[in-house]
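In what follows, a single structure is set out as structure tokens and then discussed.
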Amino acid sequence: MLQVIILAAGKGTRMKSKSAKVLHTLCNKPMIEYVIEESLKLTNSVDVVLNHQFEKVKEIVEKYPVNIIKQDLENYPGTGGAVKEVPIKGDKVFILNGDMPLIEADELKKFLDIDADIVMSVMKLNNPDGYGRVVIENGNVKKIVEQKDATEDELKIPYVNAGVYLFKKEVLEKYLPKLSNQNAQNEYYLTDIIEMAVNDSLKVAAIEVNEENFKGVNSKLDLAKAEEIMCKRIKENWMKNGVIMHLPDTIFIDAYSSFEGECEIGSGCVIKKSVIIESEIRPLSVIEEAVIKNSGIGPMARIRPKSELVDTHIGNFVEVKASKLKGVKAGHLSYLGDSEIDEGTNVGAGTITCNYDGKNKYKTKIGKNVFIGSDSQLIAPVTIEDDVMIAAGSTVNKDIKKGSLAISRAPLKIVKDFYYKFFGRNN
Ligand code: UD1
Ligand code: CA
């Protein structure tokens, strides 16, 4: 049986953040979740080691069928200390880091094909700064030296420990109790096992892995780079599935959005936690937690959570929140919040649903084939039945019955030659 242990107890000091490192998100999803999901593709025996911000991280991790173990950071700090408390159940044990969100199960499967006591991962980097260096002699790995313990010559080694290992059970059982904390950081280094195993003539194999998948996230700069890679993967997947994207590098699609049928996304759009079905999202629109079907949105529209739009046209500078629109046209400059609007209704430019009275939020219900003139305010709670006309500039604070006209307008007064009396005549 294969066991995966994910290390995620560290402080992540280099992130300079109040939030635990592994809770930082790529495309809206916490890093640790990606690592867990890939691990669960390999085995159903997954242990996650936590400590820093234990409760908060646990809340996310416990959504998955994994074991959670709390590291004794005070007595056993370090990556070796993290593994110390985990019951070793598998014949082979993968150690992964919670801060490697780009890792993919397919790549890890390659480790399983190699017959060795330890399979470790190595990357050759132009800038190895921050990583443990892998000391290689005559093509064989000798040991891993952490940056803080390295000599000047060792610091020049371009081969670094990527931090993923596959151990035979016996190896961990034998060497974990032998780790010491006599080093620059007074931590128990998992990496010390390599040297001990080499000295005992065990077989240590090294796989050269690609930086893109194995790069650890240690700073907010790393985080941004990793997010770019993850977002690219997500977009490429949807494009392969038939979604058209214009200048995809400018589009943000999160890990929780999905597309059905032929969809088209304009440049500069942001789409989060949404389902888009056979629709066109035009440039610079922001869509969050919405379901959009057979509709055209934007450019420059904002669709906020709990919105459902079907057969609808939304134009520029229209904001929709928690509203159900079916067969509606709202072409320009509107706020439609907490509303339900039915087929054939035209929402004029500048229409506002006044859903908030400073204390509570209320609903606006609009029936079929309603014509709302420009610059109208609908003061919720209010119901407008089918076939109603609302004159431009009206303030609607009463329910309106089917077939009626609603008009609230101060009479227009025209004062002849007032302009010239005020400014005078120049010519
Ligand atoms: C570690 C390796 C280093 C390697 C690098 C690759 C050691 C001693 N060093 O260094 O050789 O190049 O990863 O990314 O292993 N963690 C715990 N408990 C702890 C300390 C860390 O669970 O007490 C977890 C962290 O949450 C993190 C992972 O282990 O997910 C790695 O820890 P980190 O501090 O980032 O190790 P590095 O210094 O990067
Ligand atoms: Ca790291």
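Just follow the structure's listing: the first ligand is 1, and inside any ligand the first atom is 1.
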Are Lys70 and Phe54 in a cation-pi contact, defined as NZ or CZ under 6.0 Å from the six-membered ring centre and within 45° of the axis? yes

Kindly say whether the aromatic ring centers of Phe94 and Phe111 come within a distance under 6.0 Å.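 For Phe94 and Phe111, the ring centres are under 6.0 Å apart.
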
Can you see whether [X] engages [Y] through a side-chain donor-acceptor pair at a distance of less than 3.5 angstrom?
| X | Y | value |
| --- | --- | --- |
| Asp338 | Tyr362 | no |
| Asp254 | Ser257 | yes |
| Asn355 | Tyr335 | yes |
| Asp192 | Tyr188 | no |

Location of contacts on [X] toward ligand 1, heavy atoms closer than 4.0 Å:
| X | result |
| --- | --- |
| Lys21 | side chain |
| Asn51 | neither |
| Ala82 | side chain |
| Glu146 | side chain |
| Met123 | neither |

Looking at [X] and [Y], what are the two nearest heavy atoms and their distance?
| X | Y | value |
| --- | --- | --- |
| Ile6 | Ser39 | CD1-OG, 3.5 Å |
| His24 | Ser17 | NE2-OG, 3.0 Å |
| Val217 | Ala226 | CG2-CB, 3.9 Å |
| Ile400 | Ala406 | CD1-CB, 3.4 Å |

What do you reckon, does Gly132 put a non-hydrogen atom under 4.0 Å from ligand 1? yes

Ligand 1 contacted by Gly81 (non-hydrogen, < 4.0 Å):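 Under 4.0 Å: no for Gly81.
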
Under 4.0 Å from a heavy atom of [X]: which atoms of ligand 1 are those, numbered in the order shown and with their elements?
| X | answer |
| --- | --- |
| Gly78 | 18 (N), 19 (C), 20 (C), 23 (O) |
| Ala162 | 6 (C), 14 (O) |
| Leu73 | 23 (O) |
| Asn218 | 35 (O) |
| Gly98 | 30 (O) |
| Arg14 | 35 (O), 37 (P), 38 (O), 39 (O) |
| Pro77 | 23 (O) |
| Gln71 | 17 (C), 18 (N), 19 (C), 22 (O), 23 (O) |

Ligand 1 N/O within reach of [X] N/O, cut-off under 3.5 Å:
| X | result |
| --- | --- |
| Tyr131 | no |
| Ile144 | no |
| Val49 | no |
| Gly216 | no |
| Asn161 | yes |

Within 6.0 angstrom of Phe252 CZ, more than 12 heavy atoms from elsewhere: yes

Answer yes or no: does atom CG of Asn126 have more than 12 heavy-atom neighbours from other residues, nucleotides or ligands under 6.0 Å? no

Between the candidates Val22, Val164, Thr79, Asp99, which shows the shortest non-hydrogen contact distance to atom 7 (C) of ligand 1?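 The residue whose heavy atom sits nearest atom 7 (C) of ligand 1 is Thr79.
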
Salt bridge check, Lys29 against Glu37: does any charged N sit closer than 4.0 Å to a carboxylate O? yes

